Amino acid sequence: MDANTRFDLTGKVIVVTGGNGLLGSAYCQALAEHGAHVVVADLPGAHPQQAAKELSQRTGRPALGLSCDVAVEADVVALFEQALKEFGRVDGVMNNAAATGEHLMRQGAVFSPFEDYPLAVWEAVLRVNLTGVFLVAREGGKALLKSGGGSMVNVSSTYGVVGPDHRIYEGMKFASFPGYSASKAGVHGLTRWLATYWGDKGIRVNTLVPGGVENQHDPEFVKRYAQRTPLRRMARREDMVGMVVYLMSDAAAYATGQQYFVDGGWTAV
Ligand SMILES: NC(=O)c1ccc[n+]([C@@H]2O[C@H](COP(=O)([O-])OP(=O)(O)OC[C@H]3O[C@@H](n4cnc5c(N)ncnc54)[C@H](O)[C@@H]3O)[C@@H](O)[C@H]2O)c1
């Protein structure tokens, strides 16, 4: 197989949760451009059906949009049933959906001081970011087994690995929050557990560790983040897609149980 063919995703069916978010939409576009049939899964309010229709129009590849709340077991079961029904197989699972700061800002309590942190908010974050990842891994893994194996990528964050530098959030309307770090750290453990559990079944499981992606942040925050980063800038959406294409492709056939950092060197400091 030549080098280009190893990165080719033609005909691979890949399910992307949170598929119409900032990064999810970039993953769907790149995966379809590399030949994949993409299932865009997202909350109904994120309009995954419309996103899939537009993706298919732009790339000429079949794409399916499905509403799914990853925190709801029945939704996740239905997601993979429908993906199998439509395409007959699943080759890749991008376990990407998460309750991120952007969404949670609407519930101001997510940034409460830790000493008064509401239990309900902690549990709500873990429900999506860790239990949701578990449900997608369980149901997605079954679909991969039925298809003879494949690739699963669970998404963490630098904050699942190192503590935030709280100083860069001083004076900002947003901050890092504890359930995010705790749930993302859990993603690394689940990945390693699944990689060794499914190693002999042809399912590779890896963790993607993105650094902070610029998204209309306060310029002062962007400046502070850039100063703290060896590559001297925040990430762009397109910085993440090469790693995702690689991990979903046969080029990564011997890669499992690992953490793939795309963070501009943030965790090297
Ligand atoms: N953007 C960053 O700076 C950054 C950095 C590190 C890690 N990440 C991780 O990358 C992933 C994607 O983040 P993003 O920046 O695209 O965020 P985003 O908020 O733009 O996208 C998240 C997507 O997940 C969806 N979602 C939220 N709750 C859901 C649920 N219960 N069920 C199904 N879908 C749900 C949202 O509708 C949205 O489309 C997340 O796992 C995030 O933690 C992002």
Side-chain angles (χ1 to χ4, degrees), residues 15-30 39-52 65-76 78-79 93-107 110 123-137 139-140 153-162 164 168-169 174 176-177 179-188 190-191 207-217 221-222 225-226 229 233-241 243-244 259-264 266-267:
V15 178
V16 182
T17 65
N20 204 22
L22 177 72
L23 293 176
S25 56
Y27 300 148
C28 291
Q29 177 73 26
V39 179
V40 184
D42 211 317
L43 294 171
H47 311 294
Q49 293 83 358
Q50 183 65 23
L66 295 172
S67 296
C68 172
D69 183 337
V70 297
V72 175
E73 188 173 24
D75 278 19
V76 181
L79 168 65
V93 176
M94 189 69 206
N95 206 341
N96 166 72
T100 62
E102 304 296 324
H103 281 72
L104 291 163
M105 270 169 74
R106 288 174 220 131
Q107 313 165 19
V110 77
E123 288 180 339
V125 172
L126 263 70
R127 177 79 198 177
V128 176
N129 290 15
L130 193 54
T131 304
V133 168
F134 154 76
L135 287 171
V136 171
E139 294 309 310
V153 178
N154 299 323
V155 178
S156 176
S157 158
T158 49
Y159 290 171
V161 181
V162 296
I168 67 172
Y169 296 95
F174 55 96
S176 66
F177 48 99
Y180 189 78
S181 286
S183 59
K184 293 299 188 183
V187 168
H188 291 261
L190 181 63
T191 293
T207 303
L208 174 70
V209 190
V213 182
E214 191 170 349
N215 184 24
Q216 299 171 327
H217 289 98
F221 176 80
V222 176
Y225 195 102
T229 307
R233 63 171 175 87
M234 292 192 79
R236 304 179 188 114
R237 302 158 77 219
E238 56 269 27
D239 289 325
M240 302 298 151
V241 301
M243 189 63 82
V244 172
Q259 316 170 115
Y260 289 86
F261 290 76
V262 187
D263 68 353
W266 177 275
T267 52

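Whatever order the structure lists them in is the order used to number ligands and atoms, beginning at 1. Quick caveat, the model's predicted, so the values are computed rather than measured.
- Taking any N or O of Leu22, backbone or side chain, at least one lies under 3.5 Å from an N or O belonging to ligand 1.
- Proximity to Tyr180 (heavy-atom distance under 4.0 Å) selects the following atoms of ligand 1: 6 (C), 7 (C), 8 (N), 9 (C), 42 (C), 43 (O).
- Looking at Thr131, its side chain never comes within 3.5 Å of a backbone N or O of Val128 through a donor-acceptor pair.
- Between the side chain of His188 and the backbone N or O of Gly186 there is no donor-acceptor pair closer than 3.5 Å.
- Within the 4.0 Å heavy-atom cutoff, Ser156 counts among the residues contacting ligand 1.
- Counting all heavy atoms, side chain and backbone alike, Asp42 lies closest to Gly19 at OD2-N, 3.4 Å.
- In terms of heavy atoms, Val40 sits closest to Asn20 at CG1-N, 4.1 Å.
- Proximity of Thr100 to ligand 1, defined as any heavy-atom pair under 4.0 Å, is confined to the side chain (atoms from C-beta onward).
- At least one heavy atom of Gly211 sits less than 4.0 Å from an atom of ligand 1.
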Margin query: Please determine whether side-chain hydrogen bond (donor to acceptor under 3.5 Å, both in side chains) holds for the pair Asn154 and Thr191, giving the CA-CA distance in whole Å, both sets of side-chain angles, and the decisive distance to 0.1 Å.
Written below: CA-CA 7 Å; Asn154 299 323; Thr191 293; 3.0 Å; yes
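- At least one heavy atom of Asn20 sits closer than 4.0 Å to an atom of ligand 1.
- Residue Val213 places at least one N or O, backbone or side chain, under 3.5 Å from an N or O of ligand 1.
- Between Ala46 and ligand 1, not a single N/O pair is under 3.5 Å apart.
- The closest approach between a heavy atom of Lys184 and any atom of ligand 1 is below 4.0 Å.
- Those atoms of ligand 1 that come under 4.0 Å of a heavy atom in Gly18, given as number and element, are 23 (C), 24 (O), 25 (C), 39 (O).
- Proximity of Ser25 to Arg237: side-chain heavy atoms (C-beta onward) are separated by under 4.5 Å at one or more points.
- Nearest heavy atoms, Tyr159 versus Ile168: OH-CD1, 4.1 Å.
- Between Gly21 and ligand 1, an N or O atom pair is found at a separation short of 3.5 Å.
- When each atom of ligand 1 is checked for a heavy atom of Asn96 under 4.0 Å away, the hits are 10 (O), 11 (C), 12 (C), 40 (C), 41 (O).
- The closest side-chain heavy-atom distance from Val133 to Val70 is not below 4.5 Å.
- Using a non-hydrogen distance threshold of 4.0 Å, Gly132 does not register as a contact of ligand 1.
- Taking the side chain as every heavy atom from C-beta outward, Val93 and Val136 approach each other to under 4.5 Å.
- Taking only nitrogen or oxygen atoms, main chain and side chain alike, Leu23 reaches within less than 3.5 Å of ligand 1.
- In this structure, the side chain of Asn129 engages the main chain of Ala99 through a donor-acceptor pair within 3.5 Å.
- Under a 4.0 Å heavy-atom criterion, Tyr159 is not in contact with ligand 1.
- Closest heavy-atom approach to atom 33 (C) of ligand 1 within the set Gly212, Ala98, Cys68, Ser183: this belongs to Cys68.
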